[in-house]
Amino acid sequence: MIEVKGVTKTYGKKQNAFLALEDINFVIPDGASVAIVGKSGSGKSTLMHAMSGLDRPEKGQVVIDGVDILKLKSKAVDRFRSEKIGFIFQSFFVQANESSFDNVSLPLEISNLSVRERKKRVLEALRVVGIDDKEKQKARNLSGGQKQRLAIARAIVNRPKIIFADEPTGNLDSTTGATIEKLLFGLNKQSGSTLVIVTHDEDLAAKCDMRIYIKDGKIDKIVSEEK
Amino acid sequence: MKTIDIIRRAGRSLRHAKARTILTSLAIAVGAFTLTIALAAGQGAREYANTLLTSNIDPQVLAIAKDKSFFEGGKTGPQEYIPGSSTIARPNGALVKRLSQADIDAIAKRSDIVSITPTYAINAQYITRSGQKKYTVDATTYDSGVTQTVIAGSLPALRTSITDDQIALPEAYVSLLGFKSAQDAIGQTVTIHLERTPSVTEDQIQQAIAANNPQAIAALTTKQVKDADYKIVAIVGKSATALAATTSVEISNNSAKALSDFSTSGTDSYHEYTIATASVKPGIDPATVKQDLINQGYGVQTAKDLQGLLFTIVNTLQGIVIGFGILALITSVFGIINTQYISVLERTREIGLMKALGMRGRHVSRLFQFEAAWIGFLGGVIGSIIAVVAGLSLNPWITSTLSLGDGNVLLIFQPVPIILLIIVLMLVAMLAGYFPARKAAKLDPIEALRTE
């Protein structure tokens, strides 16, 4: 369960201060798929950063599994991210020079897993996203869709509780985008991890259990679909 | 994150930027090359100096002078007059006291001294043998503590002198004295001729005048001569590592004393010696004997002191070359700092991603420092390998050009200093990588991952 309570984030100082997030409150149940929807500059990315422990809003709480991550020390936050969070970005951010294997292996190296366990998990993650034949290929030689699959493999390899996806299909053509969407939602259902998608794409948002609309740093509306 | 994984990732990043990595490490390689050569040359020069000394000076030998100031060039300026002591002027104008026969006898009595040999002043006129021309000659005492290159005949074992009727000749005299070969000369007799102006006492002159004997008066002023015959025991060749003595004929201590006594009899140099060499009993540290003699007022130097002097020169020269190597290293340090800063800028996203995935700033910093260390390692290995290959292939040429003698090489490469050098270079490179690494560690992942 993710509880966001009264999160407020300001950029700049004094007269130049800009309120990026203002008193955000909501609760996401475990295993849900959630879309944070808003226009560019609405504060949806800032909200994602705050929820994932990358950014520290000056006010409010982000309680994940009973722990307020905004009160953790930086070392503990890094540990929290490496163990509980997976990230997927619009422009993939795969390391072009590294092989698929080494790209996916990075989060496991960060959390100190043994070489044997790493190998097992990386191969499994590559198989889940369907590019296990590209294990030794350099990431730069993959197509856009394959790169995003690689990024997804990297996000799930640590078996995180929450996966944040920032415009995951934004850089893909609609066919490839559709397969990636299918993959993401399939993983969400199978593994029971929470999926948080940041997007401005209404069609993608419509596929989620819960939609949080952000406008000018405030919650516009929250739509939940009961199943 | 485990250090080994960081090191692996650092190595991979460098492989992906091969040209840049190699160029940066070449800068370090220049420093490594210079330092490796400097270390090898220093080692070689020290070992060569050591070879020179051990083939010229017995380590158990002490050089003893009357006066401590002897080894500092002598005292300049007026000194207190001590009756019965004699002084000698040194080339720099300084006066030093000389050892008397009593000093020699006193030192010879010591239980820790095997033998003491003053440097005898022998004013030999010429050397010759029957039916041959006369040639000038310099006679010295046979040094039993040094191994000489024997061309023909044989010399006794170390620390054993030749007998009083024997002589060792340098090679040059073989043909001069009309021998067919060096072998031919062995066992033959040569003659050393000495002359002296007689010293005459007042009584002798008065007696001669009183006797009114012109022959006696003439006899008083006639030069006195001495011909000493010796059997050739060995012909000594010029050794590449010999410092001197190749032009002197060598005779035993007693013979030299006899000739010197004849030459100096009646002069103020009679039984007065500038310097003496004493041989310390094997097993006794010459340094302790030296200290004891210095306490008694003598000036003493051991073979080690001389070695120390030579080493000081070698070390100074080596220091200069090392200085140049360090200059090259300092230049390469800026090269590394620059390259690593560019690398951090280029890999902003990668750093951002790693931090977003929960990698500690400390580990990001280490990643860049290890990359710098790899560059240092590579530079060190390239530089030292080139130095070793170049050095080993040039060694024979250097040896022949500088006539160091067979078996002596100027550049001696030792693995331990080279390994230490590479480790030091890695540390220097890591130090250079510190600032770029800190920049990487402080990068804000949100800023780094912002899509433009």
Side-chain angles (χ1 to χ4, degrees), chain A residues 9 11 20 40 45-46 48-50 52-56 73-99 102-115 118 138-140 151 154-155 157-158 160 164 166-167 170-171, chain B residues 1-22 339-340 342-371 374-375 438 440-452:
Chain A
K9 170 81 191 174
Y11 284 117
S40 141
S45 288
T46 310
M48 184 194 95
H49 294 150
S52 58
L54 280 173
D55 203 354
R56 280 179 189 257
K73 291 208 170 109
S74 81
K75 189 174 179 176
V77 175
D78 284 339
R79 178 116 157 253
F80 157 79
R81 275 206 309 276
S82 79
E83 285 173 359
K84 303 227 163 128
I85 306 284
F87 284 104
I88 297 161
F89 302 94
Q90 180 176 3
S91 11
F92 324 134
F93 293 143
V94 292
Q95 285 169 262
N97 280 324
E98 300 269 26
S99 69
D102 287 326
N103 262 289
V104 179
S105 167
L106 179 62
L108 301 180
E109 287 174 32
I110 289 171
S111 39
N112 274 338
L113 256 71
S114 72
V115 176
R118 270 183 346 222
K138 291 263 162 84
R140 79 156 74 85
R154 186 180 62 201
V157 74
N158 238 1
F164 288 97
D166 190 352
E167 303 280 12
N171 272 10
Chain B
M1 194 160 172
K2 286 188 189 119
T3 307
I4 179 79
D5 292 325
I6 301 179
I7 292 175
R8 270 205 215 116
R9 283 205 173 252
R12 279 210 302 271
S13 309
L14 288 179
R15 271 209 301 282
H16 298 147
K18 278 193 195 78
R20 188 167 67 191
T21 305
I22 288 179
T339 319
Q340 288 298 92
I342 294 172
S343 179
V344 169
L345 284 182
E346 272 185 3
R347 287 150 66 191
T348 304
R349 288 227 182 127
E350 184 188 332
I351 298 163
L353 177 81
M354 289 189 291
K355 294 194 80 174
L357 293 180
M359 189 158 160
R360 304 280 306 143
R362 204 153 49 87
H363 292 149
V364 175
S365 160
R366 229 177 262 171
L367 177 69
F368 280 85
Q369 286 203 290
F370 285 148
E371 282 184 26
W374 271 116
I375 292 176
R438 201 178 58 169
K442 284 189 170 166
L443 226 104
D444 177 8
I446 298 173
E447 285 297 317
L449 290 176
R450 186 152 287 165
T451 1
E452 296 91 51

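All heavy atoms count here, side chains included; hydrogens, waters and symmetry mates do not. Sequence lines set the chain letters: A, B, ... in the order given, protein chains first and strands last, and positions in each chain run from 1. Predicted model only: the values in this text are computed from it and were never measured.
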Measuring heavy-atom distances to chain A, does B:Arg360 have an atom under 4.5 Å in its side chain, in its backbone, in both, or in neither? both

Using non-hydrogen atoms only, which part of B:Arg15 is less than 4.5 Å away from chain A: side chain, backbone, both, or neither? neither

Begin from the C-alpha positions of A:Gln95 and B:His16 and carry the test side chain to side chain contact (heavy atoms under 4.5 Å, CB included) through to its verdict. CA-CA 11 Å; A:Gln95 285 169 262; B:His16 298 147; over 6 Å; no

Test A:Arg118 against B:Asp5 for side chain to side chain contact (heavy atoms under 4.5 Å, CB included), laying out the working first. CA-CA 12 Å; A:Arg118 270 183 346 222; B:Asp5 292 325; 2.8 Å; yes

Measuring heavy-atom distances to chain B, does A:Lys84 have an atom under 4.5 Å in its side chain, in its backbone, in both, or in neither? neither

Looking at A:Ser74, A:Gly86, A:Pro107, A:Ser52, which has the largest count of heavy-atom pairs under 4.5 Å with chain B? A:Ser74

Spacing of CG belonging to A:Leu106 relative to CG belonging to B:Leu353, to within rounding of 0.5 Å: 6.5 Å

Heavy-atom pair with the smallest gap, counting every atom of A:Asp78 and B:Lys355: OD1-O, 4.5 Å

The interface call for A:Leu113 against chain B, heavy-atom contacts under 4.5 Å, is backbone

Got a second to check how far B:Leu449's CG is from A:Leu54's CG, nearest 0.5 Å? 7.5 Å

Can you tell me if B:Arg9 uses its side chain to pair, donor with acceptor, with the backbone of A:Asp102 under 3.5 Å? yes

Counting neighbours of CZ on A:Arg79 that are heavy atoms of other residues, nucleotides or ligands and sit closer than 6.0 Å, is the number greater than 12? no

Go through the atoms of A:Glu98 and report whether side chain, backbone, both or neither lie under 4.5 Å from a heavy atom of chain B. both

If you measure from CD on A:Glu109 to CE on B:Met354, what distance do you get to the nearest 0.5 Å? 10.5 Å

Grab the two heavy atoms, one from A:Ser82 and one from B:Gly358, that are nearest each other, plus how far apart they are. CB-CA, 4.1 Å

With rounding to the nearest 0.5 angstrom, report the NZ to OG distance, B:Lys2 to A:Ser111. 9.5 Å

